[in-house]
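Here the structure is laid out as structure tokens; the discussion comes afterwards.
Quick note on labels: first sequence line is chain A, next is B, and so on, each numbered from 1.
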There are 2 protein chains.
Amino acid sequence: MSVQERKERERARRERLIVETARELAEKDGWDAVTTRRLAERIEYSQPVLYSHFRGKREIIGAVAMDGCTELAQVARAAAAGAEGLRAKVTAVARAYLDFGRRNPALYDAIFQLDGGLLFASDETPEPLKDAFAAMLEVFGEVAGDGVHPALFTEVFWTFLHGQVTLARAGRTPEEFTDQRLELFIGRMAVFPPD
Amino acid sequence: MSVQERKERERARRERLIVETARELAEKDGWDAVTTRRLAERIEYSQPVLYSHFRGKREIIGAVAMDGCTELAQVARAAAAGAEGLRAKVTAVARAYLDFGRRNPALYDAIFQLDGGLLFASDETPEPLKDAFAAMLEVFGEVAGDGVHPALFTEVFWTFLHGQVTLARAGRTPEEFTDQRLELFIGRMAVFPPD
DNA sequence: CTCTCATGTCTAGCGGTGCTAGGATTCTTT
DNA sequence: AAAGAATCCTAGCACCGCTAGACATGAGAG
């Protein structure tokens, strides 16, 4: 049965290669440039091989989106861990989110714009996405204030950040104002408990 | 020279027809279903006619987006006019925005997702878009609070609404929660001057 | 009223897309 | 070593956005 295992390993390996290559291509030239032909050529296989791993292009984008979610969760957790005190943590996570969106536009699009079919507040919500939300909930939920459900508050926070990322990209608002907007938002929305 | 004028009138008429048909198709079956062939067939002309009016498909989408902007501005102004008192006005405009996004997803996408090439905070920002922003500024700017630039505050507000629209669509969050989120946001962000 | 010419429109086709059927090849197993 | 199964590639489908060049239709001159 070792042969079987080896094959499965190699298959999984190739699947990783596909997803990573798709992401690279997207980051370099945009998702429009990620065609099945180019992708197949890059991984040095023919097109049908892609379809033996994924049902179609959308599913490949979806896989890239998954990766993006886990990364986003990591980034958020790292930012929280690297900051001292609640106020600093909140700001750090928010900034990390905005940076993530700005620095990985293709990855961000894979998650939100292009419908790889990611559902959110649902049972079918993929695990990585849930985890990314959980990572933000851990920090933002702390400053929801009395009588406000932490998840609801986090949704509002996330919503703001998401809008900030997409509109900032389209309108190329200078960074200085982005920071001001963030401060304004946190200053009024977040309730910091007295220590 | 009347012949010339008649021709120009007919041309303009046809251009309107193209844009409206494109919008209808998009609202019915999504933007992917709006192909130059289908569009041409619908207006009962051949494809090249489309290209005599617009440089390409993106420009057609852009034209639809323009229409969407002017409509958005109208909707916002109507909502403001239909409400009594500042607090009610703010809520009404916000609700109108969310409704607009929910009810005209294709139109909304034309404005924000699909890059019809709409720039925002720039000199080249198209007039209708500027006007839509102005419509919101008229209301939201009133509750920015002391020491906060009205435009900056409006941007934050808009950003929140935009995120709400896009995330709500992906995650199909029930309407009741959307309302709760809006209340939470307004309750903390808006500063209502004492009357 | 006819001829000329320009304007406007369509047919046909290019290179590209996502995706797939069916033949060829390789590898495992008996 | 032969048989069978698993794997992969070639070739092609229907469709996409877009355009060159043939064609028709209309306006203005004689």
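- Between A:K89 and A:E142 no salt bridge is recorded (no basic side-chain N to carboxylate O distance below 4.0 Å).
- A:T35 comes within 4.0 angstrom of sugar-phosphate atoms only, judged by non-hydrogen atoms across all strands, and of no base.
- Across the protein-nucleic acid pair, A:R14 atom CZ and D:dA6 atom P stand 15 Å apart, rounded to whole Å.
- Remark: B:Q47, B:P48, B:Y51, B:G56 in residues 47-56 of chain B come within less than 4.0 Å of DNA chain D through at least one heavy atom.
- Ionic pairing of A:E20 and A:R16 is present here: one or more N-O contacts between side-chain nitrogen and carboxylate oxygen are shorter than 4.0 angstrom.
- With D:dC18, D:dC9, C:dG18 as the choices, the nucleotide that has an atom nearest any side-chain atom of A:S46 turns out to be D:dC9.
- Rounded to whole angstrom, the span from the CD1 atom of B:I61 across to the C1' atom of D:dG17 amounts to 11 Å.
- A side chain to side chain donor-acceptor pair (under 3.5 Å) with B:Y108 holds for exactly one of B:R103, B:R102, B:H162; it is B:H162.
- Scanning for side-chain hydrogen bond (donor to acceptor under 3.5 Å, both in side chains) contacts around B:R13 gives an empty result, with sequence neighbours left out.
- For a distance-only test at 3.5 Å, the side chain of A:R37 qualifies as a donor-acceptor partner of the base of C:dG18.
- B:I43 is linked by a side chain to side chain contact (heavy atoms under 4.5 Å, CB included) to B:L17, B:I18, B:T21, B:Y45, B:L50, counting only residues two or more places apart in sequence or in another chain.
- Salt-bridge formation is not detected for the pair A:D29/A:R38: no Lys NZ or Arg NE/NH1/NH2 atom is positioned less than 4.0 Å from an Asp or Glu carboxylate oxygen.
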